[in-house]
Amino acid sequence: METIAIPAINMSVIAPEMILSVVAMALLLINVFVKNEQKGYLGYLSIAGILVTLYSLTIGWGAPQDGFSGSVVQDNFAIFFKGIFLVSAAMSILITDQYLQREGCNQGEVYPLMLFATVGMMLMASGTDLMTIFLGLEVLSVSLYVLAGFNRGSIRSNEAGLKYFLLGAFSTGFLLYGMALTYGATGTTKVVKIAAAAQSGMVSSNLMLVAGMLLMATGFAFKVAAAPFHMWTPDVYEGAPTPITAFMSVGPKAAGFAAFLRVLLVALPVFKAEWSSLLWVLAVLTMTVGNITALYQQNIKRMLAYSSIAHAGYILVGFTAGNAVGTSGILFYMLSYAFMNIGAFAVIILVGKKGEENNNLADYAGFGYKHPALGVAMCVFLFSLAGIPPAAGFVGKFYLFSGAIQAGYIWLAIIGVLNSAASVYYYLRVMIYMYFKEPTEDFNWVRLSPAFIICLIIAIAGVMIPGVVPGTILELAQKAILM
Amino acid sequence: MVSLHSYLILSAILFSIGTIGVLTRRNAIVIFMCIEMMLNAVNLTFIALSKYLGNLDGQIFVFFVMTVAAAEAAVGLALMIAFFKNRESIDVEDLNLMKW
């Protein structure tokens, strides 16, 4: 009789994920007993859950361990990314309640769904088996499809959800086919064993492995919204409820990069020459398409969607370099991107009122004078997005591009800097509307709730402190790279 | 005995039919069926490779893919119903409120 070896299970590796999923499931139950006007308390409960999870994460820093016979790993790389996911989820939850109440769709399920999406991202960051990465990706995606279409009464939200679903499921097909071919070529789904098989030439068909790598790259490029697989991004970002847009412009992108980095850097370093030339093209296309299209946008949510595509391009620059400086640059940049982007979306939510999202640039005329504090906050976020010192966005870009120069991609860095310069135009345009146009509205509906104030303070601190003293975060990022 | 190649070619053909279907069809449900066909083509690849390589990883992967496909179907059909309630259509040509 065949005996089945019991695999080594190490529950402590997935402790943070388990805590967060239990909190999310408990919230689903509690939600039934909470009155409609009080759903906001669920948000505070979920933030408490996130804080506990964050604490359980920090215990594991510096002591990498793996579990489930090498399917998941809790190393510094995973922990750093999970920190980004948790912070961005907490900040998005802070700005959710007021928006949902205003739009009249404050079902409490939004919080558990956001937590489940976060669990999916965390699994993606620590997955060292193609199966775990796939499962994490799907837990994330399925939750996000629902979240994008969360405002059931709004036709735009419906459209965003359906579009995201159809295109997301389509791209999953490519990712899976790539995983199947990689499995066929190497006989394993574990990234470490794939690397060993590829290195020792134990590959049954090299063509199959390369095809698998290309198909997986397509799937990941879709998830991180890299051109030419970015077409869903502006539509989904525009249609989805704004706090959800803030949430999915940061975490899922970071999760996509985490899994993408791990698959390429750990499993397929043998093909580094091939994939870095592929990423070179992707990076240039993504930056250029994102920035040039953003120049023409009148809708600020759409503009930030194209800007998020451009930012994926900058991160791909660091990825192309594939060296220590570039990779730590990616980690640093993703973290600061979380603060600046969610901060900007928080201000966008405040400018809107019920039924009127006020997302056109013209709606921002004179906003800076009517609400000086919010105007300054928005300027800080936009300056950081544009990469102007002393904001964190500048430091992040500096490391991404210097990584590229160190790896010998001078032209890539030059194209990146030129793109970054072009992007200043459309970020500054918002500020011109805020300060140099006569106000047409008195913006008396803007109501700053305590949750918003906390979110904005965290965001400004997260943009300015690493921008002025980048040392601590950069040191953490350097300890968290994969090599 | 059917060779591994035949299985791989069959699943590649099925995957391509699914892809072409997604790109050319206009009805959201038909598009979703094409996506399911792509996923099942991948499942066939996994099973064939698993048998050929003599290890079970591929078959376990197929179970996960089927589970996930079921979850996706539930969410996808719910989204289509929500869209249909507002627009009385599930034609993707009507997904046109937001462009450029």
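Just so we're clear, the structure is a prediction, and the values are computed from it rather than from any experiment. So that the names make sense, note that chain A is the first sequence line, chain B the second, and so on, each numbered from 1.
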Testing the basics here: between [X] and [Y], what is the closest heavy-atom pair and its distance to 0.1 Å?
X	Y	answer
Asp94(B)	Glu159(A)	O-OE1, 4.3 Å
Met208(A)	Leu49(B)	CE-CD2, 3.6 Å
Arg87(B)	Ile155(A)	CD-CD1, 2.7 Å

Output the option from [options] having the highest count of non-hydrogen pairs under 4.5 Å with chain B.
options	answer
Leu181(A), Leu130(A), Leu176(A), Asn299(A)	Leu176(A)
Leu162(A), Val142(A), Asp129(A), Thr189(A)	Leu162(A)
Ala169(A), Gly239(A), Ser157(A), Ala148(A)	Ala169(A)

| query | Around atom CZ of Arg156(A), are there more than 12 heavy atoms of other residues, nucleotides or ligands at under 6.0 Å? | reply |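 Buried by this count: over 12 neighbours within 6.0 Å.
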As an exercise: rank [options] by heavy-atom pairs under 4.5 Å with chain A and give me the winner.
options	result
Asn43(B), Leu39(B), Val22(B)	Val22(B)
Gly54(B), Ala71(B), Ser50(B)	Ser50(B)
Leu8(B), Ile60(B), Val65(B)	Val65(B)
Ala78(B), Ala74(B), Gly58(B)	Gly58(B)

To the closest 0.5 Å, what do you measure between [atom1] ([X]) and [atom2] ([Y])?
X	Y	atom1	atom2	value
Leu135(A)	Thr67(B)	CG	OG1	8.0 Å
Cys34(B)	Phe170(A)	SG	CZ	9.5 Å
Phe84(B)	Asn158(A)	CZ	CG	12.5 Å
Tyr183(A)	Leu53(B)	OH	CG	5.0 Å

| message | Taking ring pair (Phe, Tyr, Trp, His ring centres under 6.0 Å) as the criterion, tell me which of Phe61(B), Phe63(B), Phe46(B), Phe64(B) meets it with Phe134(A). | response |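 That would be Phe61(B).
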| Non-hydrogen atoms of chain A under 4.5 Å away: do they reach the side chain of Ala48(B), the backbone, both or neither? |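 Ala48(B) has no heavy atom closer than 4.5 Å to chain A.
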| said: For Leu23(B), which atoms come within 4.5 Å of any heavy atom of chain A: side chain, backbone, both, or neither? | reply: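 The side chain, not the backbone.
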| said: Quick one, Glu72(B) and Thr172(A) - any side-chain contact, counting heavy atoms below 4.5 Å? | reply: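 Yes, at least one pair of side-chain atoms sits under 4.5 Å.
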| query | Should Leu166(A) and Val92(B) count as side-chain neighbours, where that means a heavy-atom distance under 4.5 Å? | reply |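 Side chain of Leu166(A) against side chain of Val92(B), heavy atoms only: contact under 4.5 Å found.
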| Aromatic centroids of Phe15(B) and Tyr177(A) separated by under 6.0 Å |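 Yes, they do, as the ring centres are separated by less than 6.0 Å.
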| field | Portion of Ser141(A) that has a non-hydrogen atom of chain B nearer than 4.5 angstrom | value |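 Nothing of Ser141(A), per the 4.5 Å heavy-atom cut-off to chain B.
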| Does any N or O in the side chain of Asn55(B) come within less than 3.5 Å of the main-chain N or O of Gly187(A), such that one atom is a donor and the other an acceptor? |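 Yes, Asn55(B) side chain to Gly187(A) backbone: donor-acceptor pair under 3.5 Å.
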| Would you say Asn86(B)'s side chain and Arg152(A)'s backbone share a donor-acceptor pair under 3.5 angstrom? |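 Yes; judged by distance alone, with no hydrogens or angles, the pair exists.
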| query | Using the ring of each side chain (for Trp, its six-membered ring), is Phe165(A) parallel, tilted or perpendicular to Phe32(B), with breaks at 30° and 60°? | reply |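 Geometry flag for Phe32(B) against Phe165(A): tilted rings.
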